[in-house]
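The figures that follow rest on heavy atoms only: side chains count, while hydrogens, waters and symmetry mates do not. Throughout, a chain's letter reflects where its sequence line sits, starting with A, and its residues are numbered from 1. In this text, all values refer to a predicted model and were calculated from it rather than measured experimentally.
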Amino acid sequence: MIDLFTALRGEIARAIRGVADLDDVPFEFPPDPALGDLATPVAFSLARVLRRAPRQIAEELAERIRELPGVAGVEVAGPGYVNVRIDRTAAVRRLLGPDESPPPRPGKVVVEHTNINPNKAAHIGHLRNAILGDTLVRCLRATGHLVEVQNYIDDTGVQVADVVVALTELAGLDAAGVRELIERGEERAASGGGGVDHDLWDLYARVTAWYGEDETRLAKRAEVLHALERREGPLAEIGALVAMAVVRCHLRTMLRLGVRYDVLPRESDILAHRFWEQAFGLLRESGAIRFAEEGKAAGCWVMDLPHDEEDEDGEKYEKIIVRSNGTVTYVGKDIAYQMWKFGLLGRDFEYAPFRAWAYPDGTRPWQTVPPGEGEPDHPEFGRATRVYNVIDVRQSYLQRVVAAGLERLGHAEQARESIHFSYEMVALSPRTALMLQPELRLTEEELARPWLDMSGRRGLGVKADDLLDMLERKALEEVRNRAPEAPADEAERIAHEIAIGALRYYMLRHTRNKVVAFDVDQALAFEGETGPYCQYAAVRISRILDKLEEREGLDRGGALGLAREADFAAIPGEGRLEHWGLVLEAARLPEVVPAALESLEFATIAKYAFDLARAINGFYHRWPVLQEKDPATRAARLAVLLVADRSLREALDLMGIPVPARM
RNA sequence: GCGGCUGUAGCUCAGGGGAUAGAGCACCAGCCUCCGGAGCUGGGUGUCGCAGGUUCGAAUCCUGCCAGCCGCGCCA
């Protein structure tokens with residue numbers, strides 16, 4: 001990324017402070033590039049302080065700004081905006097120059113995302129999580145952060161227990177039978193089908209009904225849970241087998257969209273390494289929790305929340321951390337885990353390369369393992385200076401409690417740096433739900449609702465793999481229509497890249513506080529505000545470069561060299577402003593990325609990429625490069641397109657959207 | 001009850017003090033002997049949920065209200 005504006009703003013702000021004392025000088029981009037490249041409405045606020053007309057103040061400021069290097073002109077417009085124009089040829093040259101990305105930053109950022117229960121196939125809600133998380137990771141890395149990506153595996157929870165019950169009681173399988181089921185899934189997966197996680201999707205839905213028929217059957221779940229925690233017996237073996245097999249499936253699904261992880265911490269290893277016992281000691285010693293002698297929580301260890309939260313009786317709110325039977329709650333475990341992420345626990349996991357699967361390139365993410373099984377040489381994990389937990393909005397309360405726990409332990413800074421990246425869920429419109437599953441029986445009330453929650457227990461939802469398959473099939477059909485001569489493997493690769501583009505864009509285009517009411521038609525759209533539209537704009541520029549090489553022997557390096565030498569002023573007057581407008585739009589990327597990180601709103605990057613692609617497509621139609629006769633104009637026009645291309649590709653890359661070689 | 005989020009065009013959504021409130025979809029009409037239509041150009045719609053307030057200026061900030069959704073468990 002190349003940032004034209006930050007340094008310039010600093011200069012202008014300094015010049016303005018020479019006239020009036022101000023902490024903060026506001027800047028904005030003028031709504032129309034004809035007005036200028038950078039604007040400040042500062043004269044309006046100064047007018048109040050100085051008790052003079054804003055326009056008059058603006059004129060004075062303009063005089064000083066005019067003198068600054070890199071400033072090509074200053075004008076006062078409207079009621080008192082100061083509009084600044086910059087040197088265009090120099091700007092274009094710089095934008096085509098070497099990368100100026102920020103230097104590495106101190107500290108380490110942990111991003112935890114995906115976190116799918118390893119009991120059935122990933123659904124489209126998990127896709128939103130992983131895509132948001134992965135985009136966060138990419139943006140952090142692009143701005144110089146060292147990032148560690150964690151995907152937490154809850155392999156001892158109720159969901160896994162239920163699937164073990166389903167396998168043993170409903171499917172009548174023993175460990176050998178489960179192994180066989182997993183193997184069959186692997187064979188299907190090898191030829192592009194769904195793995196064992198797909199089998200479990202329906203099986204898991206059935207177990208809820210099975211419990212419903214006879215409540216005494218819940219004892220089976222308790223038995224399995226117990227076995228999982230102790231890691232003993234055939235039920236535990238099946239649980240471990242299934243959980244790791246499903247994790248493998250999830251990793252495969254996520255790899256389809258280009259999402260990878262550094263380390264997979266497992267709940268069972270948190271238990272095995274006795275993280276909670278360690279945290280319990282620290283919490284007790286620090287006074288963060290206390291033993292409740294009386295009240296509703298008598299006999300429990302509780303944490304008094306520093307918030308002014310009260311329950312309906314007006315009593316001070318306390319959160320139970322250890323139950324009266326001595327077992328720890330979910331929040332308690334989460335506090336221990338969060339402490340580990342910051343290196344505050346004084347205890348670590350052991351690690352080994354993920355045992356169940358390797359990425360196709362032969363690398364493996366790391367996983368945690370029980371005591372005594374770890375490899376001596378492994379990267380350092382945890383010890384973060386900041387932690388992002390990507391979890392949906394329903395966990396907001398618990399995330400606050402976890403941060404409060406750190407605070408109460410005396411780690412105020414880490415509490416502040418514990419960031420809940422919350423987002424709303426993906427749901428199904430009743431129409432889409434019925435379309436996908438016509439056999440579904442919805443109540444009157446459900447039909448009237450704007451959306452329906454996906455429910456693993458009802459089998460209601462859309463599998464991530466199925467959506468990806470649909471996207472790839474549709475994209476492949478389009479590719480075959482448009483480029484019938486393309487070899488099969490190339491067509492498939494392009495279709496895959498288009499599918500990813502469509503899916504990732506779809507999940508990012510909504511702001512995070514909005515429920516995505518999943519709509520098949522919208523998700524499968526390749527036209528309008530979509531990923532493929534953005535990809536297409538980049539491909540078009542790429543095609544011009546191809547033609548340039550075919551017809552004139554000018555390769556990409558040559559084209560870039562030509563563009564760097566271009567004189568922007570060579571562009572004839574009537575189109576000059578439009579050319580410049582595209583450059584300006586492209587130059588805004590370094591403004592967009594930090595803003596997106598600050599607000600955790602990656603829809604802004606999606607919107608930016610789309611606007612830029614739209615500008616490129618419009619430009620493409622009005623200003624041909626290859627047909628342009630005048631060599632100076634042609635070089636300048638090429639330069640403009642290359643500037644736009646660079647920003648568009650960078651923006652797409654931040655969202656994990658690849659650009660196909662052709663479309 | 002308490003807390004959070006959402007309410008903007010027919011639909012899906014951007015915009016979150018500042019220049020004339022915008023996109024996409026859908027609908028209609030145009031556009032290539034081309035750098036391939038996943039495109040471009042036009043066409044028109046808005047009590048920005050309602051009511052007050054702050055401000056030179058409010059879709060945007062504040063207060064209240066209405067509607068919808070989500071949380072608030074000795075579940076995970």
Look at A:Glu529 together with A:Lys607 and state whether they make a salt bridge at an N to O cut-off of under 4.0 Å.
no
A:Trp451 CH2 to B:U6 P, straight-line distance once rounded to whole Å
12 Å
Write down the distance between OH (A:Tyr533) and C1' (B:G39), rounded to a whole number of angstrom.
7 Å
Applying side-chain hydrogen bond (donor to acceptor under 3.5 Å, both in side chains), can you list everything that pairs with A:Gln627, at least two apart in sequence or on another chain?
none
Write out a two-atom table: protein N or O, nucleotide N or O from nucleotides 26-37 of chain B, distance below 3.5 Å.
| from | atom 1 | to | atom 2 | distance (Å) |
| --- | --- | --- | --- | --- |
| B:C34 | O3' | A:Gln627 | NE2 | 3.0 |
| B:C35 | OP1 | A:Gln627 | OE1 | 3.3 |
| B:C35 | OP1 | A:Gln627 | NE2 | 3.2 |
| B:C35 | O2' | A:Tyr620 | OH | 2.1 |
| B:C35 | O2 | A:Leu626 | N | 3.1 |
| B:C35 | N3 | A:Val625 | N | 2.7 |
| B:C35 | N4 | A:Tyr620 | O | 3.0 |
| B:C35 | N4 | A:Trp623 | O | 2.6 |
| B:C35 | N4 | A:Pro624 | N | 3.2 |
| B:C35 | N4 | A:Val625 | N | 3.4 |
| B:G36 | O6 | A:Met663 | O | 3.2 |
| B:G36 | N1 | A:Arg482 | O | 3.2 |
| B:G36 | N2 | A:Arg482 | O | 3.0 |
| B:G37 | OP2 | A:Arg540 | NH2 | 2.6 |
| B:G37 | O5' | A:Arg540 | NH2 | 3.4 |

Give a yes or no on this: more than 12 heavy atoms of other residues, nucleotides or ligands lie within 6.0 Å of atom CD of A:Glu477.
no
What is the distance from OH of A:Tyr506 to P of B:A23, rounded to the nearest Å?
22 Å
Which nucleotide in the list B:C70, B:C72, B:C69 gets nearest to the side chain of A:Arg394?
B:C70
Measure from NZ or CZ of A:Lys333 to the centre of the six-membered ring of A:Phe275 and say whether it is under 6.0 Å with the direction within 45° of the ring axis.
no
Reckon A:Leu545 touches a base, only the sugar-phosphate, or nothing at all at heavy-atom distances under 4.0 Å?
nothing
Of all residues at least two apart in sequence or in a different chain, which pass the side-chain hydrogen bond (donor to acceptor under 3.5 Å, both in side chains) check with A:Tyr204?
A:Arg457
Which residue, A:Asn119, A:Asn117, A:Val207, forms the side chain to side chain contact (heavy atoms under 4.5 Å, CB included) with A:Val163?
A:Asn119
Would you say the side chain of A:Ser324 and the base of B:C74 hold a donor-acceptor pair, judged only by whether the two atoms sit under 3.5 Å apart?
yes
Answer yes or no: does atom NE2 of A:His621 have more than 12 heavy-atom neighbours from other residues, nucleotides or ligands under 6.0 Å?
yes
Starting at CG of A:Asp392 and ending at P of B:C5, how long is that distance when rounded to a whole Å?
16 Å
Between B:A14 and B:G24, how far apart are the two C1' atoms, rounded to whole Å?
10 Å
Whole-Å gap separating P (B:G16) and CD (A:Glu601)
11 Å
Write down the distance separating the P atoms in B:A58 and B:G71, rounded off to the nearest Å.
38 Å
At a cut-off of 3.5 Å, list every protein nitrogen or oxygen paired with a nitrogen or oxygen from nucleotides 10-14 of chain B, distance to 0.1 Å.
| from | atom 1 | to | atom 2 | distance (Å) |
| --- | --- | --- | --- | --- |
| B:U12 | O2' | A:Gln522 | OE1 | 3.3 |
| B:A14 | OP1 | A:Thr511 | N | 2.7 |
| B:A14 | OP1 | A:Thr511 | OG1 | 2.1 |
| B:A14 | OP2 | A:Lys514 | NZ | 2.5 |

Measure OH/A:Tyr423 against C1'/B:C70 and give the value in whole Å, please.
14 Å
Which nucleotides of RNA chain B pair, in dot-bracket form (Watson-Crick or G-U under 3.5 Å, | meaning another strand)
(((((((..((((....[...)))).(((((.......))))).....(((((..]....))))))))))))....
Residues A:Ser418 and A:Gln338: side-chain donor-acceptor under 3.5 angstrom
yes
Interatomic distance, A:Asn617 CG vs B:A23 C1' [rounded to whole Å]:
15 Å
Mind telling me whether B:G37 is syn or anti, cutoff 90° either side of 0?
syn
A:Tyr423 meets the ring-ring contact (aromatic ring centres under 6.0 Å, His included) criterion, sequence neighbours left out, with none
Mind checking the C1' distance from B:A23 to B:U45? Whole angstroms is fine.
15 Å
Between B:C48 and B:G7, how many Å separate the two C1' atoms, rounded to a whole number?
10 Å
The criterion is side-chain hydrogen bond (donor to acceptor under 3.5 Å, both in side chains); which residues satisfy it with A:Arg649, sequence neighbours excluded?
A:Asp645
Indicate syn or anti for B:C13, taking the glycosidic torsion and treating anything within 90° of 0 as syn.
anti
Using the 3.5 Å cut-off, write out each protein N or O paired with an N or O of nucleotides 55-60 of chain B and the distance between them.
| from | atom 1 | to | atom 2 | distance (Å) |
| --- | --- | --- | --- | --- |
| B:C56 | N4 | A:Arg48 | NH2 | 3.0 |

Distance between the P atoms of B:C74 and B:G17, in whole angstroms?
40 Å
Only counting residues at least two apart or in another chain, list the ones meeting ring-ring contact (aromatic ring centres under 6.0 Å, His included) with A:Tyr533.
A:Phe610
What does A:Val479 touch in the nucleic acid at a heavy-atom separation under 4.0 angstrom: a base, only the sugar-phosphate, or nothing?
base
What pairs of residues pass the side-chain hydrogen bond (donor to acceptor under 3.5 Å, both in side chains) test when at least one of them lies in residues 633-643 of chain A, not counting sequence neighbours?
A:Glu552-A:Arg634, A:His579-A:Arg637, A:Glu628-A:Arg637, A:Asp630-A:Thr633
If I take atom OH in residue A:Tyr81 and atom P in nucleotide B:G18, what distance separates them, rounded to the nearest angstrom?
8 Å
Can you figure out which of B:C70, B:A76, B:A23 approaches the side chain of A:Met425 most closely?
B:C70
N or O in side chain of A:Arg323 less than 4.0 angstrom from B:C75 OP1/OP2
yes
Parallel under 30°, tilted from 30 to 60°, perpendicular over 60°: which one fits the rings of A:His510 and A:Tyr506?
perpendicular
Suppose we screen for side-chain hydrogen bond (donor to acceptor under 3.5 Å, both in side chains). Which residues come up paired with A:Asp334, at least two apart in sequence or across chains?
none
Pick the nucleotide of RNA chain B nearest each of A:Lys319 and A:Val158; which residue has the one closer to the 5' end?
A:Lys319
Could you note down all residue pairs passing salt bridge (charged side-chain N to carboxylate O under 4.0 Å, His left out) where residues 36-47 of chain A supplies at least one of them, sequence neighbours left out?
none
Separation between the C1' atoms of B:G15 and B:G22, rounded to whole Å
7 Å
Under a 3.5 Å cutoff, is there a donor and acceptor pairing between the side chains of A:Thr511 and A:Asn513?
no
Name the residue closer to the 5' end of RNA chain B, choosing between A:Val331 and A:Asn83 according to the nucleotide with the nearest heavy atom.
A:Asn83
Integer angstrom distance from the C1' of B:G44 to that of B:U55:
33 Å
Roughly how far apart, to the nearest Å, are B:C13 and B:G52 at atom C1'?
29 Å
